[in-house]
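All values below were derived from every heavy atom in this structure, side-chain atoms included, with hydrogens, water molecules and symmetry-related copies excluded. The structure displayed is predicted, hence computed values, not measured ones. Numbering of residues begins at 1 and proceeds along the displayed sequence.
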Amino acid sequence: MKIKKEHVTAILFFGILAVMLIGLLTYKDNDPINDFLLEYRVKVLPGTPVLERVEEAVKIAEDTVYEETFLKEESNTYYGLIQRIIGKHIVADAGYGEIYKTKYDQIIFKVSKKNFRVMRSLDAVEELKSKLDEAGIPFLYVQAPFKLSDDEQQLPANKKDYADYNVNLFLKGLDERNIDYLDLRPLLRDGAKTQNQLFFNTDHHWRIETAFEATGHIMDELNKDYGFNIDSQYQDLKNYKLTTWKNCYLGSMGRRTGQLYSGLDDFTLITPAFKTSYTLHEFDYGAEKIYNGSFYNAILDKKYLVKDAPVDLNRYAVYHGDNEELVFENNLVNGGKVMMIKDSFGLPVYSFLSLGIHELRALDLRLFDRSVAKYAVENQPDVVILLYNGDTFNEEMFDFT
């Protein structure tokens, strides 16, 4: 019998699948069945409808298989290398569908149009604002930028990102409902920094330097309209120590394509060069941890500061997060209490902002499941800040109940 090349291809294909399946189940660092069950018990609560249980189980199974794929990192790396050699600007991805290389050699996913979710988010913010008004607590929405903007076409010509579209729709809604906001997009995109200076090349987050500048704009807004008196020294980069590690960071996007496709980022750590004294309370799943000492000792998570750590270590998380609830007590500043609801863009921001005020409470709604308004009333902040980037319009992040 003549062996056709299609038969060889099919045999090789199924052979590769068999090897990957065996590797998934037997590799020493993998335990997919136990991990699936653990994740299912955490995410699918008793009483969840059957259909939702099935949907969540499928999603958890997909995520588990992806995360524990045999030789995933090596496969990603060499797959990315091939994409780079053949000049591809669009890479297939299991989570985002596609990842794009922009005109600035940065990699990112695109955001779809979210009219319905934006309107739902507006309703939720308006309801939260109403409850805070009843308690006499001011509210400020802060809009962090998404990596892509409407100012120019950074993606391949036939691809469209709608992050700015969604944000503009949301801010228009805030205007119509007389809810105050601070739009950081034009303040940060004023031409002083290039796109590569504003955002990591291999991650969707802003660089630490950009987060520091954003914090200065928030301090200005608090001083101008919310009765704060934050000293301008905390906005001056001359009062800080900057430490830069070259080619040491592979961000969340880069970890999906491999560094041979995305390259590596430099990472700059910004720490106060002045005296600091903190007590930081960290709450997760009912447990509390307390950290005392300087900004460096109490706030920074040291495991992300190992100089020779693997490049895929998430150095961005060095500014402490993501936690259900954090309470920063600045022992050297007497006035100012801020409560911040935030996404991952908030990590460096709340750490820097805490330097100029006495107390900062940070909540992450992906983990915090109590009433936000009730929490505010109990703790009486001088202002509640909601800080999200342009890709955070979803039910989970706007569930304040």
Side-chain angles (χ1 to χ4, degrees), residues 80 83-84 87-91 93 96 98-113 142-168 170-171 182-218 237 242 244-270 311 314-316 319 343-349 352 387-392:
Q83 304 307 301
R84 181 170 184 167
K88 292 287 289 293
H89 282 69
I90 303 175
V91 177
D93 180 81
Y96 294 101
E98 293 176 334
I99 289 179
Y100 308 98
K101 178 167 282 190
T102 73
K103 61 186 292 185
Y104 297 109
D105 271 348
Q106 298 185 315
I107 55 174
I108 189 62
F109 58 93
K110 67 180 178 65
V111 177
S112 60
K113 192 181 287 187
V142 177
Q143 183 62 64
F146 186 62
K147 193 169 182 177
L148 301 171
S149 78
D150 274 352
D151 295 340
E152 60 180 337
Q153 179 70 19
Q154 297 185 38
L155 299 178
N158 61 337
K159 301 295 179 181
K160 168 67 177 171
D161 173 76
Y162 287 93
D164 268 355
Y165 169 89
N166 295 329
V167 168
N168 293 337
F170 184 77
L171 298 186
L182 172 64
D183 187 359
L184 292 171
R185 297 176 302 167
L187 298 174
L188 297 174
R189 296 184 186 281
D190 62 355
K193 290 182 178 177
T194 65
Q195 172 71 13
N196 300 84
Q197 290 172 320
L198 288 169
F199 288 89
F200 288 110
N201 294 333
T202 68
D203 197 290
H204 61 292
H205 291 109
W206 49 18
R207 290 185 182 273
I208 304 304
E209 300 92 322
T210 312
F212 181 86
E213 182 182 345
T215 308
H217 291 301
I218 295 171
L237 209 51
L242 277 66
T244 299
W245 293 288
K246 295 288 185 182
N247 296 318
C248 73
Y249 179 44
L250 183 65
S252 58
M253 295 290 101
R255 294 194 286 274
R256 306 187 77 88
T257 62
Q259 62 174 294
L260 297 181
Y261 182 81
S262 67
L264 293 173
D265 273 301
D266 298 341
F267 185 86
T268 296
L269 181 74
I270 300 176
V311 294
N314 183 21
R315 292 190 185 274
Y316 179 82
Y319 288 96
D343 59 20
S344 57
F345 277 57
L347 272 65
V349 171
F352 294 138
L387 185 152
Y388 282 162
N389 83 90
D391 183 41
T392 319

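Checked by atom type, the side-chain pair T244/D266 shows no donor-acceptor distance below 3.5 Å. A donor and an acceptor atom, one from each side chain of T268 and E209, are located under 3.5 Å apart. Under the 3.5 Å distance criterion, with hydrogens and angles disregarded, no donor-acceptor pair is assigned to the side chains of N201 and D105.
Rounding to the nearest 0.5 Å places OH of Y249 at 13.5 Å from CD of Q259. Here the CD atom belonging to E213 is positioned 9.0 Å from the CG atom belonging to L184, to the nearest 0.5 angstrom. Between the OH atom of Y316 and the CZ atom of F267 there is a distance of 9.0 Å, given to the nearest 0.5 Å. Between the CZ atom of F199 and the OH atom of Y104 there is a distance of 12.5 Å, given to the nearest 0.5 Å. Taken to the nearest 0.5 Å, the NZ atom of K88 stands 8.0 Å off from the OH atom of Y261. In this structure, R189 CZ and D183 CG are separated by 10.5 Å, a value rounded to the nearest 0.5 Å.
Annotation for P145 and F345: closest pair O-CE2, 3.4 Å, computed over non-hydrogen atoms. Shown here for T202 and I107, the closest heavy-atom pair between the two residues is CA-CG1, 4.1 Å. Contact record, D265 with R207: OD1-NH2, 2.9 Å, taken as the closest heavy-atom pair. Heavy-atom minimum distance, L188 versus L198: O-CD2, 3.6 Å. Closest approach of S262 and G254 over heavy atoms only: OG-CA, 3.6 Å. Contact record, M253 with Y96: CE-CE1, 3.5 Å, taken as the closest heavy-atom pair.
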Would you please test F170 and T392 for side-chain contact (heavy atoms from CB on, under 4.5 Å) and show each step?
CA-CA 11 Å; F170 184 77; T392 319; over 6 Å; no
Dump the intermediate steps for side-chain contact (heavy atoms from CB on, under 4.5 Å) on I90 and K159, then the final yes or no.
CA-CA 10 Å; I90 303 175; K159 301 295 179 181; 3.8 Å; yes
D391/K110 under salt bridge (charged side-chain N to carboxylate O under 4.0 Å, His left out): CA gap, chis, key distance, verdict:
CA-CA 9 Å; D391 183 41; K110 67 180 178 65; over 6 Å; no
Between D164 and R185, is the salt bridge (charged side-chain N to carboxylate O under 4.0 Å, His left out) condition met? List the steps.
CA-CA 9 Å; D164 268 355; R185 297 176 302 167; 2.9 Å; yes
Go through the steps to decide whether V111 and F146 satisfy the test side-chain contact (heavy atoms from CB on, under 4.5 Å), and finish with yes or no.
CA-CA 9 Å; V111 177; F146 186 62; 3.6 Å; yes
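Residues passing the ring-ring contact (aromatic ring centres under 6.0 Å, His included) test with F212, sequence neighbours excluded: Y240, F352. Every residue two or more places apart in sequence or in another chain was checked for a side-chain hydrogen bond (donor to acceptor under 3.5 Å, both in side chains) with Q154, and none qualifies. Residues satisfying the side-chain hydrogen bond (donor to acceptor under 3.5 Å, both in side chains) criterion with K113, sequence neighbours excluded, are absent altogether.
A side-chain donor-acceptor contact under 3.5 Å links D203 to the backbone of S252. At distances below 3.5 Å, at least one donor-acceptor pair connects side-chain atoms of Q195 with backbone N or O atoms of K147. Side-chain N or O atoms of Q153 include one that pairs as donor or acceptor with a backbone N or O of P156 at under 3.5 Å. A donor-acceptor contact shorter than 3.5 Å links the side chain of D343 to the backbone of N389. The backbone N or O of D93 sits nowhere less than 3.5 Å from a side-chain atom of E98 that would complete a donor-acceptor pair.
A heavy-atom distance below 4.5 Å is found between the side chains of I108 and L155. With contacts defined as side-chain heavy-atom distances shorter than 4.5 Å, the pair I99/R256 qualifies. Between K160 and D150, some side-chain heavy-atom pair lies under the 4.5 Å cut-off. In this structure, the side chains of V142 and H217 stay at 4.5 Å or more apart for every pair of heavy atoms. Side chains of L237 and I270 form a contact here, defined as non-hydrogen atoms less than 4.5 Å apart. For the pair I218 and L387, the minimum side-chain heavy-atom distance is below 4.5 Å. In this structure the side chain of Y319 reaches within 4.5 angstrom of the side chain of L269, judged on heavy atoms. A 4.5 Å side-chain heavy-atom check between L260 and R84 finds every atom pair outside the cut-off.
The ring of Y100 has its center no closer than 6.0 angstrom to the ring center of H89.
Ring-plane geometry between H204 and F109 is classed as tilted, the angle between the planes lying from 30 to 60 degrees on a 0 to 90 degree scale.
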